Amino acid sequence: MVSFALTGVGVSGGIAIGRAQLVSHATLEVAHYSIAPAKVDAEINRFAHAVGEVQRELEALHAATSGGEVPSELGPFLRVHAMILGDPAFAEAPKKTIAEQRCNAEWALTLQLGVLTDQFDQMDDAYLRERKQDVVQVGERVLKRLLGKPGPLPAPVAEEHTVLVAHDLSPADVIQFKRRHYGAFLTDIGGATSHTAIVARSLNVPAVVATHNARQLIRDSELVIVDGDAGVVIINPDRAVLAEYRLRQTELGLERQKLKRLRSKKAETLDGITVELHANIELPEDLTAAVDNGAAGIGLFRSEFLFLNREGLPSEDEQFEAYRAVAAGMQGKPVTIRTFDLGADKQAEGLAGLARVAANPALGLRAVRFCLAEPRLFQTQLRALLRASHHGKVRILVPMLASSAEIDQTLAAIAAAKESLREQRIPFDEAVEVGGMIEIPAAVIAMDPFLAKLDFLSIGTNDLIQYTLAVDRADEAVAHLYDPLHPAVVRLLAQAIATATKAGKPIAVCGEMAGEIALTRLLLGLGLRHFSMHPTQLLAIKQRVLTSEVAAMKSTVDRIRRAPSADRINLLVEQLNAL
């Protein structure tokens, strides 16, 4: 067997060695044949039956998410797929083609998929172009029904040693990752925020996406090495390469075991600077991983999970119970709960009729803008958050603030919620801290009202980078332009941290940069003392903190602040990490 390698985008680190298991790519297997006039109605019914079966399948999968078995981001994707399935352009147009051309249902659907994807390709908006793949994924599921290949992902041949290889993996496929054990995932397409990437990181499973032709080149049962850190896939490795990667895999396993010893150790630099390492969570169930990895608190609890993957909106009591569970579970350690970041592309079913689909969702009615536009919803959540503050050290974090007026409106809403609880004699922490997310460049440039009116700040680097560089991080065509080390991004971070520190206002980073070990020393050198990240990243970041000396990094960090290009900054960051 010939040995060869593929490169892609490593979206979840680690090394996996296992046998390939291919997921069927139905659009490559469709035949075209004519049917007799007398059988046209039966063929249309066969198509309608397949659509109905997939609709029921999606409904069952959606119901399965309510138990918190999968990351909350998948709920909106499932709803999008259900909407596509019910759209006349998808569900009715192929019937017309069957009747007019007297062709088989598979071919009629394939033709219509071509029409729809062409329409998406011609759209100017990057977000809408990205929805093309959702149409293809729904089409795949219906085609598999028509071809007699329905059902879930194949069961792993050998637990922990199976590498799943697919052209793409839909949300409905991804939901099954929690129920089965795969060693790694490979897809032809996708990016850092694809469904596969989201779940692979949450499961701590190596994954490489955007390999372009892995599904076509790799055969079932071939031996595959997946290097999620380097974004490299090696097929049929020779003995020397296999031995090298097995050694590296063993070393990584030993390193993970050693890191566990740091769980209770204080995060402190070599020159005695204390650093707070908190965890980002999406569900109360994530609390276990945060505690097991020694989190000093919860730096970001994404509350919108309560609004997703369900019919109807959560009541005040339901929200209170969820927030209370996390607050009590951290036993006095700080729990920062972000008010719901809904709207635009992250819709909840119960919000139908309130929210709208925006032409440019990232710049639309989302986060605090949506909350202020729907005060009754906002009041319900604020009351639940305040009630939970009686059971632990709860802090309220407000996303996407951009102006003094928004801060004033938000604080007025919180004051109103407090007053309503006082009238009912419901206990809460009168001194509950309120903070704001720094994720819009305007918030950095005009930070005075944030410093004057809020108790703490948290930088959401994911959106800050996206808005600063005008790059949709979910768009594969421009993903290479999404650069956390762009000079503008580094200077905004430096300015935000320095301004808050000078004012004596606590500031954290809760975006992806906080969990990037290669960037830990840079952030420390810029003055950051509060990090929040996925629980699985905590111990590796703590180790980097323990081996860093901030004073020794000062001159290099000063040069990074002044560097004119990302290439120069990358070189200086490498020097910083070599100290």
Side-chain angles (χ1 to χ4, degrees), residues 1-25 27-28 71 73 77 126 129-130 132-134 136-137 140 153 161-171 173-174 177 182-238 241-242 244-245 248-249 252 462 471-485 512 515-518 570:
M1 292 183 288
V2 178
S3 178
F4 62 98
L6 299 172
T7 58
V9 177
V11 294
S12 184
I15 293 171
I17 302 172
R19 297 287 172 179
Q21 193 163 356
L22 273 60
V23 177
S24 175
H25 185 28
T27 52
L28 300 178
E73 286 93 335
F77 291 122
R129 284 200 306 273
E130 192 73 13
K132 175 183 75 172
Q133 199 52 41
D134 290 305
V136 173
Q137 289 173 349
E140 279 275 318
L153 295 174
H161 299 291
T162 296
V163 176
L164 201 66
V165 184
H167 177 69
D168 191 18
L169 292 168
S170 74
D173 293 326
V174 169
F177 292 172
Y182 295 95
F185 307 124
L186 297 180
T187 60
D188 291 339
I189 62 176
T193 57
S194 66
H195 319 132
T196 309
I198 292 166
V199 177
R201 284 194 291 267
S202 72
L203 297 177
N204 205 21
V205 174
V208 178
V209 302
T211 59
H212 299 296
N213 50 11
R215 175 64 181 73
Q216 291 178 300
L217 295 177
I218 299 175
R219 298 177 181 176
D220 263 321
S221 299
E222 285 188 311
L223 187 62
V224 177
I225 296 172
V226 179
D227 186 338
D229 295 301
V232 172
V233 183
I234 302 172
I235 299 89
N236 298 321
D238 60 33
V241 171
L242 185 59
E244 178 187 347
Y245 271 93
R248 287 176 58 187
Q249 193 178 43
L252 285 173
N462 300 354
V471 172
D472 181 354
R473 54 197 170 99
D475 187 346
E476 191 178 348
V478 294
H480 62 287
L481 300 175
Y482 182 86
D483 186 1
L485 294 182
E512 289 294 311
E516 287 286 339
I517 194 168
N570 272 281

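These numbers come from a predicted model, not from an experiment.
- Annotation: the span from T211 atom OG1 to L186 atom CG amounts to 6.0 Å, rounded to 0.5 Å.
- To the nearest 0.5 Å, the span separating CZ on R19 from CG on L223 amounts to 4.5 Å.
- The shortest non-hydrogen separation linking A20 to R219 is CB-O, 3.6 Å.
- Smallest separation of non-hydrogen atoms from Y182 and L164: CE2-CD1, 3.7 Å.
- Looking at V163 and Q21, their side chains never come closer than 4.5 Å, going by heavy atoms from C-beta outward.
- Here N462 contributes atom CG and Y482 contributes atom OH; the two are 4.5 Å apart, rounded to the nearest 0.5 Å.
- Closest non-hydrogen pair, V208 versus G228, comes out as CG2-CA, 4.2 Å.
- With values rounded to the nearest 0.5 angstrom, I225 atom CD1 is found 5.0 Å from L242 atom CG.
- A distance of 11.0 Å separates CD1 of I234 from CZ of F4, quoted to the nearest 0.5 Å.
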Can D188 and H167 be said to form a side-chain hydrogen bond (donor to acceptor under 3.5 Å, both in side chains), step by step? CA-CA 5 Å; D188 291 339; H167 177 69; 3.0 Å; yes
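- G183 and P206 get closest at one heavy-atom pair: O-CD, 3.4 Å.
- Partners of N236 according to the side chain to side chain donor-acceptor pair (under 3.5 Å) rule, which considers only residues two or more places apart in sequence or in another chain, are E222.
- Looking at L217 and L6, their side chains come closer than 4.5 Å, going by heavy atoms from C-beta outward.
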Would you please test D227 and R248 for salt bridge (charged side-chain N to carboxylate O under 4.0 Å, His left out) and show each step? CA-CA 10 Å; D227 186 338; R248 287 176 58 187; 3.2 Å; yes
CA sep, side-chain torsions, deciding dist, call: V226, Y245, side-chain contact (heavy atoms from CB on, under 4.5 Å): CA-CA 9 Å; V226 179; Y245 271 93; over 6 Å; no
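- Taking CG of D229 as the reference point, atom CD1 of I15 lies at 7.0 Å (rounded to 0.5 Å).
- Annotation for I218 and L22: closest pair O-CD2, 3.3 Å, computed over non-hydrogen atoms.
- Side-chain atoms of N213 never come within 3.5 Å of backbone atoms of Q216 as a donor-acceptor pair (strictly under, hydrogens ignored).
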